[in-house]
Amino acid sequence: MTVVAFAEKNKAAEEIAKILGSGSYSQTRVDGAAVYKFKRDGEDWLITGLAGHIMGYDYPEEYNRWNEVDPGVLLDVDPQKFVTKENLANAIEKLSKNAHLIILACDYDREGENIGFEAKELAERVSTAPIKRARYSSFSKAEIEKAFDHPGEPDTNLAMAAETRQILDLKMGAAFTRYVTLSVREKAYTKEVLSIGPCQTPTCGFVYDREKAIREFKPKDFWKILADFDTNEDTPTEMIETDGADGKTKPKRTKKAESDTQFQGTHRSGQISEKEKADEIFKQIKGERKAVVDKKSVKEQSLAPPVPLNTTEFLKRASSFLNISPEKSLEIAEQLYLSGFTSYPRTETNMYAPDFEFMPILSDLIKNPSYSKTIEQLIRETGGKVVPKNGPKDAKDHPPIYPIRGATQSDVEKVVSLPGAYPVYDLICRHFIANLMPPAVFEKTKLDIKIKDELFDVTGSMKKSSGWLSIYDYETKKDKMLPQMEEGDVLFVKKIQNMSSKTAPPKKLMESELLTLMDKNGIGTKATAPTHIETNKKRGYFETSGKTISILDKGYMLMESLDTAVPIVIRPEIRSQIENLIQDVEDGKITMNDALLKGTTLIKTMYGDLTANKDRLVQKLAGSIKSEAAESDKKNYVGVCPVCGNALRLITTDNGRFVGCVGYPDCSQTYPVPKTGALTFLRSKKCPKGGVAVMDVGKKYNWAVGVGPCFNCDQKDVCDPPETVGTCPKCKDGQMVLVRLSDNRFLSCSKKCGHTQSIPKTGRLTVLDKKCDVCGWNLFKNKEADKEEIEFCANRRCRAIGLKNEQQKDNP
DNA sequence: GCAAGGTC
């Protein structure tokens, strides 16, 4: 008898061989796949690990020419299943040929069942042996033995549920992606693909929603009354009472008081939206010098350690604590796992099994000197009986992420060379230890302080015992200390402010928040969330800088148009509607065919809404793609079209040149430019008359696009204020102005009385704000190459500072 | 060239 089993991955296959073979097993290779051999109850066993799915869906060849197939047709065509990993498919067939019993042993979940069915389909081509299913959710000896000694039947519904998802996801993704991409290409030249999918699009939708809230945010005025108190009357402090009557008092939160007798309180009303009300309160207490502690309460507050890490929580923490992207973190965790440093990184479970053994791991982690003291103390205090603070979720998949063995930084870096490997390992270790430690305890003090009859709130916080925070210092908060006070104590008011401020817009979305949103709304799985984020980045829909996400123009335009045409596509509901159908298949409530029919109808309805809004969609997207190309073409980029918001660019044809909008032909905005002279855009210059850009023409004069030449503009002095130096010594009426020509420079009277005066011809010359003490002219600064910078008075009739007489003379 | 899901 030969038993052949298929696990979902190599590591699992080896683990199972180890347990069922009672530690004795050998390894061979079949078509490159590692096969583990052992004997059990006199029978020969062979187990191999697959590598996830070995098959995938795609459209038949004849539908792959995008330009020849109406994307809507894809909704009526059935995708076909193809083998995607030939070598594993071959290995499965070879192994199955001689098997008397085949056991599907992939992960105990929907995809695992489906992967098992892929192996089943291949095995059935060459074998008639019975095919069974081993179900286990951990690698404990008892569970594995039970699963393999009494295997059950494969679950068709479960496997078909995954099948349904694959087909519906592909249909929707392919039809929508092709339709949008091809429509945009009718108007804008681009090779890019504008992809849409039931996970990636809602992911982008979360970013869009936040961005929209920021863009549409209207700040509201509010007032806040702050008081600075001191327990000590003599502390020298500035006594300022700011009257917010002008409503313009800038928010000026007093820095943490220098002296430890000082602190700040906020009026009980908090943010006051009516100015009159704030003014009224302020009037009541303005000028008061004394306050009384009306009430004091002290409470202990304890902060429990974090629950064990599952994948989502791990990715969130790696992003916010270590600034490592979810995709990178998962890759690092995978490597740490394969190298035996940490456990399997893809898990939803955040509680330990009741028989989980902590002590061997803790003892091993002592190797790392950064943990040794904490662990020794923990063991001492608990007598070795540590208790985890478990989370609520047992998905029966894998244990939480925890360290398998202790290692120092160099131990880790020798094996895993990815940047961030040690910080990630360190986070996993610290999290593991922190979870077993006592809570952190804070003492929170709350004071009610009265100035006359007005109440002010003051809070203070002091860490009494660090607990788990001592090893988990990723986000330590500073203590907010208060001086010792009791009820009835008299305090001295050092300052009262009636502060005017504005409500702040929402903050940009953090990557960790996005992961939370995806998790909560069932977008993607623990293992795919990072991929969906990457897909959006790759498509140019949003970008991340550090931990924060910013939407890009293309993403915003795509979401905005989808939001008006088919709003459901950018919301999580698109996923949950399909998920509901899949769940019904899994529960045996409907057949896979019915689910596909219903799902396809749903997609068709959405597709109809999409095509009905083609014009709007295309206009926005084509414009944003052309603008993107124009902006990257720096030499010809002019600015933003005031008519349609797309980019304006310099267009040169055989007949001449002009500035035109990339939105053409939908937008036909154009501007003339001078016929001759090299054009250079002066990006830092802004035209006060609304010109869309200012450019230099042949180094001779400036030209504002949409306005005309700058030399006869009435705003000339605004853009190019004359550099005046001082009163003209001849007519005593005009100002001496610095005239800079391309080959000369001198001073000349602004009233054109004829007086001129020479100045040094070489060097970098600047008119300073400083004046000459003697004559009142502005001083000059000049820096010639290889010479000291000099400061001087240029007035020939003064020369009090800097220059020698012979260096300057009056011009005739 | 389209999706999402496994995993290396």
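Computed from a prediction, not measured in an experiment: that's the story for all the values here. All values below were derived from every heavy atom in this structure, side-chain atoms included, with hydrogens, water molecules and symmetry-related copies excluded.
- Contact check, T528(A) against dG5(B): a side-chain N or O comes under 4.0 Å of OP1 or OP2.
- Closest to the side chain of Y344(A), from the set dT7(B), dA4(B), dC8(B), is dT7(B).
- Within the structure, every side-chain polar atom (N or O) of T177(A) is placed at least 4.0 Å from both OP1 and OP2 of dG1(B).
- Note: CG (D70(A)) to P (dC2(B)) measures 19 Å, nearest angstrom.
- The distance between atom CG of D169(A) and atom C1' of dG6(B), rounded to the nearest whole Å, is 13 Å.
- Of the candidates dG6(B), dG5(B), dC2(B), dG6(B) carries the atom nearest the E8(A) side chain, counting heavy atoms from C-beta on.
- With respect to E313(A) and K316(A), a salt bridge is recorded, a charged nitrogen being found less than 4.0 Å from a carboxylate O.
- You'll find the ring centres of Y136(A) and Y108(A) outside the 6.0 Å limit.
- Rounded to whole Å, the distance from CG on L330(A) to C1' on dG6(B) is 12 Å.
- A donor-acceptor pair is defined here as one N or O able to donate and one able to accept, closer than 3.5 Å; such a pair exists between the side chain of S343(A) and the backbone of Y402(A).
- Close to dC2(B), at under 4.0 Å from its OP1 or OP2, lies no side-chain N or O of Y57(A).
- Taking only side-chain nitrogens and oxygens, Q166(A) never comes nearer than 4.0 Å to OP1 or OP2 of dA3(B).
- For K85(A), whose side chain is taken as the heavy atoms from C-beta onward, the closest listed nucleotide among dT7(B), dC8(B), dC2(B) is dC8(B).
- Within 4.0 Å of T531(A), counting heavy atoms only, lies no atom of the nucleic acid at all.
- Between R539(A) and dC2(B) there is a side-chain polar atom (N or O) within less than 4.0 angstrom of OP1 or OP2.
- Checking each of I54(A), I131(A), I103(A), T48(A) against F6(A) for a side chain to side chain contact (heavy atoms under 4.5 Å, CB included) leaves exactly one that passes, namely T48(A).
- Residue G112(A) is out of contact with every strand shown, counting any heavy-atom pair closer than 4.0 Å.
- Contact check, H53(A) against dA4(B): no side-chain N or O comes under 4.0 Å of OP1 or OP2.
- Geometrically, K120(A) engages F117(A) in a cation-pi contact, judged by NZ or CZ lying under 6.0 Å from the ring centre and within 45° of the ring axis.
- Among the atoms of the strands shown, none is found under 4.0 Å from any heavy atom of F176(A).
- For V193(A), taking side-chain heavy atoms from C-beta onward, the closest of the listed nucleotides dC2(B), dG5(B), dT7(B) is dC2(B).
- Comparing R65(A) and E118(A) by the nucleotide of DNA chain B whose heavy atom lies nearest to each, the residue mapping closer to the 5' end is R65(A).
- In this structure, CD of E14(A) is placed 12 Å from P of dC8(B), rounded to the nearest angstrom.
- Summarising the local packing, NZ of K81(A) is surrounded by more than 12 heavy atoms from other residues, nucleotides or ligands at distances under 6.0 Å.
- Side-chain nitrogen and oxygen atoms of R346(A) include at least one within less than 4.0 Å of the OP1 or OP2 phosphate oxygen of dT7(B).
- Residue side chain D58(A) reaches the base of dC2(B) through a donor-acceptor N/O pair under 3.5 Å, judged by distance alone.
- For R165(A), whose side chain is taken as the heavy atoms from C-beta onward, the closest listed nucleotide among dA3(B), dC8(B), dG5(B) is dG5(B).
- Atom CG in L194(A) sits roughly 11 Å away from atom P in dA3(B) (whole-Å rounding).
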